[in-house]
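For the single chain, residues carry numbers from 1 onward in sequence order.
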Amino acid sequence: MTENVWTRWPSPEALGREGISRPRRLLGWGVRLLLAAILLWGAFRNSHVHAWGAAAAAAGVLVAAGASWAFFRTTLAHRLGPSLALFSLLLGVGAAAQAGSFHDPALVIWCACAVAALERLPLAVATPLTGIALGAFATSNDDRWLTTVVTAVGLALAGYVLRLDAEARAGAQRLLAQERAARAAEAESAALGERARIAREIHDVLAHSLSAQLVHLEAARLLVERGADRDQILERVVAARGMARDGLSETRQALSALRGELTPLEDFLGQLVAANDGAEVTVSGERRRLPAEASQAVRRVAQEALTNVRKHAPGARVRLSLDYRDDQVVLDVRDSGGSPGELAGAGGGYGLLGMRERAELLGGSLEAGPHEEGFAVTLKVPV
């Protein structure tokens, strides 16, 4: 529900000094000093002022200055009761000055009260108080009535304009604070996203590497249980060591990818199929550099697909196809099928779920399932 404009206080940002430029602050202090000078000059220029009158005038100036400062603080805190009491005190100081023949100081105090009320109080309260202050000014002013009316109207407009200007400044301060908060949230979100990306890359590397090592170590265990030849067992252990070495290399590649230092995708796939007997790769479409995350997705899916072939269809022929299209890149991995290997149940690994999750994070898709001969994995990533 929108707050009534007549009962709403000016915001704390509008009543405070935050956001005020240095020139405007200097101008404000200059105006305050000028008013103080006028009060002092008006108080002591009368020839009839003697010692007691000078003391009373000095006390009045001090009371007016103190009440003005306190009025600033209470309105800043939106405390209506103390603000009204201080405003009444200022009006009373003006009336006492007028009764003591300090005409000019009284007019200055009443004019300042009229402007301050419109600038710092709710309009429902400020309007009658401004009317009282300007009424006292008009009654005591010796100028012609037209000049008095024009001056009173000008003071009222000045107070309202100052109020609108302060609210505009407060609005700018709030927008600036919101923009800073949005930038901070954006930076935090980017940092969290980067952490998630790093965690995902390291997880995928370790999952693939450890899964491949587990395949060979499980094979070595089975060979030991069956009393196989020492050379066969050693071959599996050496293969597992090679997988560990490859895992370290892939970790370095992942870190390089996070820094934007990726090797060409075609070269990577060529090296991948060269390390797998019976695998081949074809590339079609106009070759181009892919975004880092899209390139990483293709690499990880190709690695995992080949690992699954070794586990579930050892010895099968594998055909990788990389197709560059206008708005996406498509990787298709198909094997010729075969009898499930004895290690088909070894290891949890990254798996189809992880590959599909990586594709969906990039707005792509992954399809996996049997085809005419064996198993097919198709990855589509927008670029």
Side-chain angles (χ1 to χ4, degrees), residues 4-11 14-15 20 24 27-46 57 60-61 63-72 74-76 78 80-170:
N4 192 311
V5 67
W6 287 96
T7 59
R8 185 181 66 232
W9 282 84
S11 64
L15 295 176
I20 300 178
R24 291 190 61 175
L27 179 61
W29 280 109
V31 171
R32 294 184 182 94
L33 292 175
L34 178 61
L35 291 177
I38 293 174
L39 288 175
L40 292 172
W41 177 75
F44 296 107
R45 72 183 181 92
N46 295 333
V61 171
V63 170
S68 298
W69 178 85
F71 180 76
F72 175 89
T74 55
T75 53
L76 181 61
H78 291 179
L80 184 59
S83 298
L84 292 177
L86 291 167
F87 190 87
S88 301
L89 176 60
L90 287 170
L91 291 179
V93 171
Q98 178 67 21
S101 299
F102 297 104
H103 182 68
D104 292 338
L107 296 180
V108 170
I109 291 174
W110 287 329
C111 291
C113 286
V115 173
L118 284 173
E119 183 183 4
R120 305 188 65 85
L121 291 171
L123 288 177
V125 177
T127 301
L129 293 180
T130 299
I132 294 173
L134 292 179
F137 164 79
T139 303
S140 303
N141 193 21
D142 296 333
D143 292 334
R144 295 167 53 183
W145 69 270
L146 182 59
T147 303
T148 301
V149 171
V150 170
T151 303
V153 172
L155 290 170
L157 290 176
Y160 191 66
V161 168
L162 288 174
R163 180 192 190 94
L164 295 179
D165 178 71
E167 285 290 5
R169 173 171 52 81

Is the side chain of R120 donor-acceptor paired with the backbone N or O of F72 at a distance under 3.5 Å, no angle test? yes
In terms of heavy-atom contacts, P128 and L123 come closest through CD-O, 4.4 Å
Contact list for residues 154-163, test side chain to side chain donor-acceptor pair (under 3.5 Å), sequence neighbours left out: none
Can you find a pair of side-chain heavy atoms, one from L80 and one from W9, that are under 4.5 Å apart? yes
Any W6 side-chain heavy atom under 4.5 Å of T127 side chain: yes
Minimal heavy-atom distance between L86 and F71, with the atoms involved, is CD1-N, 3.5 Å
Grab the two heavy atoms, one from C111 and one from F137, that are nearest each other, plus how far apart they are. SG-CD1, 3.5 Å
So how far is it from R169 CZ to S11 OG, rounded to the nearest 0.5 Å? 8.0 Å
Non-hydrogen side-chain atoms of T75 and L121 separated by less than 4.5 Å: yes
On a heavy-atom basis, which atom in L134 and which in A152 lie closest, and how many Å separate them? CD1-O, 3.5 Å
Non-hydrogen side-chain atoms of P10 and E167 separated by less than 4.5 Å: yes
Note: A117 and L129 closest approach over all heavy atoms is CB-CB, 4.4 Å
Working to the nearest 0.5 Å, report the span between SG of C113 and CG of L91. 5.0 Å
Could you please spell out the steps behind the side-chain contact (heavy atoms from CB on, under 4.5 Å) verdict for L118 and L162? CA-CA 8 Å; L118 284 173; L162 288 174; over 6 Å; no
Heavy atoms only: give me the nearest L155-V115 pair and the separation to one decimal. O-CG2, 3.7 Å
